[in-house]
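Lettering follows sequence order; numbering is per chain, from 1.
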Amino acid sequence: MLDNLGDWKRSDACADLRQDDDNREVLLMGWVHRRRDHGGLVFLNLRDRSGICQVVIDSEDACILEKVKHIRSEFVLAVKGRVRLRPDGMRNAEMPSGDVEVLVEELRILNASKTPPFPIESVVQDEVSDEIRFKYRYLDLRRHEMQERMIFRHDIVRAIRDFLSSEGFLEIETPLLIRSTPEGARDYVVPSRLQQGCFYALPQSPQLYKQLLMVAGYEKYFQMARCMRDEDLRGDRQPEHTQIDMEMSFVSEEEIFAVVESLLQHIFKTVMGQDLPGSFLCLSYAEAMDRFGTDKPDMRFGLELVDLSEIAAASTFNAFKSVVESGGRVKGIRVPGAATFSRKQITELEDLAKHFKAKGLAWMKVTEEGLSGGVSKFFADAPGEAIAQAMELEVGDLLLMVADTPQVAAVSLGAVRSRLGAQLKLTEPGDFRFLWVHRFPLFEWNEDHQRWDAMHHLFSMPCLEDIDKLESDPGQVHGQLYDLVCNGVELASGSIRIHRRDIQERVMAVVGIDKAEAEERFGFLLGAFDFGAPPHGGIAPGLDRLLMVLDGGSSIRDYIAFPKTLKGTSPMVGSPSPIDDEQLKELGLEIRGE
RNA sequence: GGGGGCGUAGUUCAGCCUGGUUAGAACGCCUGCCUGUCGAGCAGGAGGUCGCGAGUUCGAAUCUCGUCGCUCCCGCCA
């Protein structure tokens with residue numbers, strides 16, 4: 001029943017046919033999207049990458065009729081025929097090629113298809129489980145919606161390469177089989193056959209290599225770098241992802257910001273056909289935490305956190321007073337018009353706050369008669385007026401408050417803010433608010449191990465004014481560290497790097513790496529610093545996340561052709577899988593059961 | 001590592017709380033009819049290890065325990 005392609009050559013893409021093509025002889029190839037059989041008259045929607053065209057079988061030819069009888073969804077056809085205008089009233093305005101159709105003169109069935117497990121349509125996105133979509137990824141990718149996403153990805157990658165090349169960046173590849181470094185994320189590890197008992201690691205990022213390229217004098221480097229991290233996954237985290245890895249010599253933070261801003265403007269202009277504002281907002285980490293309770297605030301809406309500690313201390317509410325007296329803070333957010341919230345809605349928000357370790361979520365409503373409900377009885381008269389003034393309360397507002405350690409108060413209320421943004425639909429598709437967050441602490445205290453860890457990585461430069469505190473007060477040292485945030489999603493992280501051995505050794509000492517260990521593990525880097533390493537810095541925007549945010553998507557899995565599940569598996573190819581004893585033996589490995 | 005949700009026909013789901021006929025619906029699929037459909041229409045039909053295992057019970061899709069898979073969140077992710 002199947003035909004060979006023979007000498008047939010495709011003349012047009014399905015969706016490209018227009019009225020101008022009337023009476024042209026064309027040869028289309030594609031998949032049967034849908035079949036409408038009227039007995040003597042059969043319509044097929046033929047689909048290729050470009051889209052859909054209607055072909056009509058209105059033939060006496062017994063050979064064609066016999067073939068058509070067997071044609072089903074997703075059969076692969078080659079169709080020779082003549083374009084003709086559709087009769088009046090039969091045109092389809094929904095379809096780009098809807099003014100015309102192709103009357104079939106010859107037909108070849110290039111391949112048959114089983115009935116697909118789900119229809120090759122856009123509704124699949126919301127209606128078919130990810131499990132099935134993953135297992136039949138090649139069918140999921142056949143859907144127009146997914147093809148558009150892959151094309152979007154291609155367009156953006158191309159725009160990035162064009163722009164960075166024109167700015168003098170060189171794309172240079174770095175190894176995938178590298179040395180394992182214990183700190184940071186867990187490494188994916190590859191056993192060595194030639195050096196038994198030794199392992200390569202897959203890169204979490206090309207960090208050290210790009211720094212070495214700066215030492216080597218390449219000045220501006222970029223790479224579409226695959227990065228692998230063996231950590232637990234999320235909707236916006238895959239075991240392997242792609243970063244637009246960049247590094248520059250002789251630059252300040254501001255210059256790196258400017259390059260990334262220009263890059264994004266170029267992307268917006270060339271791929272999305274939009275203009276993006278000149279330079280992005282910039283907040284310090286401390287200010288972001290203080291005002292939004294997160295280091296990646298969504299700037300599309302307000303609902304800022306306000307510090308109410310002094311006022312709360314003056315109230316008659318002992319729960320608040322004691323928190324403030326013991327060094328904690330009280331923070332509040334005003335939710336305009338939310339006085340209509342039910343008790344249940346408020347309890348849901350409280351549960352969320354408790355999820356982030358808050359002990360409770362205090363609330364008051366603003367009515368014509370003043371503050372009411374919740375904890376309002378503790379805020380009679382002066383404290384109540386002070387709060388109304390500090391929060392700029394208006395009738396109909398809801399005030400939500402958390403009293404706790406500064407960290408918990410900010411983070412828990414920040415989570416409430418973020419939930420409210422979604423719940424009250426304060427964001428609009430197509431609205432992009434980019435934001436730089438910088439001056440992160442260089443170190444954070446690790447309670448479990450009772451030691452300081454690098455917040456970003458070991459190679460970030462301290463802010464110059466804090467360098468003297470490296471040994472005396474590491475917690476107070478800020479780093480020349482920065483994140484790029486858009487709409488509440490962290491899109492990039494970067495830093496100015498350390499380029500001097502003395503400073504690098506001091507930073508390593510803070511996290512407990514002495515000179516001997518530093519030499520053993522990072523000797524190649526320190527050695528490179530001895531040969532005239534230039535000041536340098538860089539940044540690495542996550543490509544998959546960037547695509548998701550720009551496209552208004554909800555999972556980076558939709559922007560990766562072959563992603564993995566949250567457990568790091570691929571139901572399609574069945575990875576990871578055991579390897580046979582022969583392979584294990586060659587590698588000198590033995591599997592120990594439980 | 002911890003917590004939540006889901007798992008029933010090819011697909012998406014209902015049924016489960018309160019155990020008891022032959023486990024339903026929609027779409028899809030198959031057969032027939034049909035010359036202007038575009039989610040074609042009409043008539044008929046097939047299709048189920050109720051994720052898997054154990055337990056309770058006269059009787060389990062339904063209750064209990066375990067387990068596997070997908071997913072969301074916390075931890076983790078420099």
Considering only atom [atom1], compute the distance from [N] to [M] and round it to an integer number of Å.
| N | M | atom1 | result |
| --- | --- | --- | --- |
| B/U56 | B/G10 | P | 32 Å |
| B/A26 | B/U64 | P | 32 Å |
| B/A54 | B/C68 | C1' | 14 Å |
| B/U18 | B/U22 | P | 24 Å |
| B/C16 | B/C76 | P | 42 Å |
| B/U57 | B/C13 | P | 35 Å |
| B/A61 | B/C6 | C1' | 15 Å |
| B/C58 | B/U67 | P | 28 Å |

Can you tell me the distance, in whole Å, between the [atom1] atom of [X] and the [atom2] atom of [N]?
| X | N | atom1 | atom2 | answer |
| --- | --- | --- | --- | --- |
| A/Asp187 | B/C76 | CG | P | 18 Å |
| A/Asn92 | B/A40 | CG | P | 12 Å |
| A/Glu240 | B/C77 | CD | P | 20 Å |
| A/Asp88 | B/U37 | CG | C1' | 16 Å |
| A/His33 | B/G39 | NE2 | P | 10 Å |
| A/His70 | B/U31 | NE2 | C1' | 13 Å |
| A/Asp351 | B/C73 | CG | P | 17 Å |
| A/Lys564 | B/C70 | NZ | P | 13 Å |

| Regarding A/Ser97 and A/Gln54, is there a side-chain donor-to-acceptor distance under 3.5 Å anywhere? |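 Result is no, nothing qualifies.
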| task | Check whether the side chains of A/Asp187 and A/Ser180 place a donor and an acceptor atom closer than 3.5 Å, and report yes or no. | result |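 Yes, a side-chain donor-acceptor pair sits under 3.5 Å.
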Tell me what [X] touches on the nucleic acid: a base, only sugar-phosphate, or nothing, going by heavy atoms under 4.0 Å.
| X | answer |
| --- | --- |
| A/Asp37 | base |
| A/Ile52 | nothing |
| A/Met90 | base |
| A/Glu94 | nothing |
| A/Gly184 | sugar-phosphate |
| A/Arg35 | nothing |
| A/Arg84 | base |
| A/Glu490 | nothing |
| A/Pro87 | base |
| A/Glu131 | sugar-phosphate |
| A/Phe459 | nothing |

So if I take every side-chain heavy atom of [X] and compare against [options], which nucleotide ends up nearest?
| X | options | answer |
| --- | --- | --- |
| A/Glu101 | B/U71, B/U37, B/C73 | B/U37 |
| A/Gln54 | B/G36, B/C73, B/G75 | B/G36 |
| A/Asp130 | B/U37, B/C70, B/G28 | B/C70 |
| A/Arg234 | B/C74, B/U35, B/U12 | B/C74 |
| A/Leu566 | B/U35, B/C38, B/C72 | B/C72 |
| A/Asp232 | B/C72, B/C38, B/G75 | B/G75 |
| A/Thr565 | B/U37, B/U71, B/C29 | B/U71 |

For [N], what is the paired nucleotide under Watson-Crick or G-U wobble rules, both distances under 3.5 Å?
| N | value |
| --- | --- |
| B/U64 | B/A54 |
| B/A25 | B/U12 |
| B/G47 | none |

OP1 or OP2 of [N] less than 4.0 angstrom from a side-chain nitrogen or oxygen of [X], does that happen here?
| X | N | value |
| --- | --- | --- |
| A/Arg557 | B/C72 | yes |
| A/Thr569 | B/C70 | yes |
| A/Arg36 | B/G41 | no |
| A/Arg91 | B/C38 | no |
| A/Ser129 | B/U71 | no |

| Taking the inter-plane angle between the rings of A/Tyr136 and A/Tyr138 on a 0 to 90° scale, is it parallel (under 30°), tilted (30 to 60°) or perpendicular (over 60°)? |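 Ring orientation of A/Tyr136 relative to A/Tyr138: perpendicular.
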| Where each residue is assigned the nucleotide of RNA chain B containing its nearest heavy atom, which of A/Gln243 and A/Arg72 is assigned the position nearer the 5′ end? |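 Residue closer to the 5' terminus by nearest nucleotide: A/Arg72.
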| task | Kindly state whether the pair A/Phe118 / B/U11 counts as stacked, where counting means centroids closer than 5.5 Å and planes tilted less than 30° apart. | result |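 Here the ring of A/Phe118 and the base of B/U11 are not stacked, as the 5.5 Å and 30° limits are not both satisfied.
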| Per-pair stack call A/His38 and B/A40, 5.5 Å, 30° |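 So yes, this residue stacks on that base, both cut-offs being met.
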| query | Is a salt bridge present between A/Asp502 and A/Arg500, judged by a nitrogen-to-oxygen distance below 4.0 Å? | reply |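 Here A/Asp502 pairs with A/Arg500 in a salt bridge, since their nearest N and O are under 4.0 Å apart.
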| request: Verify whether the ring centers belonging to A/Phe522 and A/Phe459 lie closer than 6.0 Å. | output: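 Yes - the distance between ring centres of A/Phe522 and A/Phe459 falls below the 6.0 Å cut-off.
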| said: Check for me whether the distance between the ring centres of A/Phe43 and A/His38 falls short of 6.0 Å. | reply: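 When the ring centroids of A/Phe43 and A/His38 are compared, they turn out to be within the sub-6.0 Å range.
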| field | Any N/O donor-acceptor pair, A/Arg229 side-chain to B/C77 base, under 3.5 Å | value |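 Flag unset: no donor-acceptor pair detected.
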| message | Quick check on ring-ring contact (aromatic ring centres under 6.0 Å, His included): which of A/Phe440, A/Phe257, A/Tyr285 does A/Tyr482 satisfy it with? | response |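 Among A/Phe440, A/Phe257, A/Tyr285, the one meeting ring-ring contact (aromatic ring centres under 6.0 Å, His included) with A/Tyr482 is A/Phe257.
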| Side-chain donor/acceptor of A/Arg47 to backbone N/O of A/Trp31, under 3.5 Å |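 No, A/Arg47 side chain to A/Trp31 backbone: no donor-acceptor pair under 3.5 Å.
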| message | A quick test of your reading: do over 12 heavy atoms of other residues, nucleotides or ligands sit less than 6.0 Å from CD of A/Gln407? | response |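 Not more than 12 within 6.0 Å, no.
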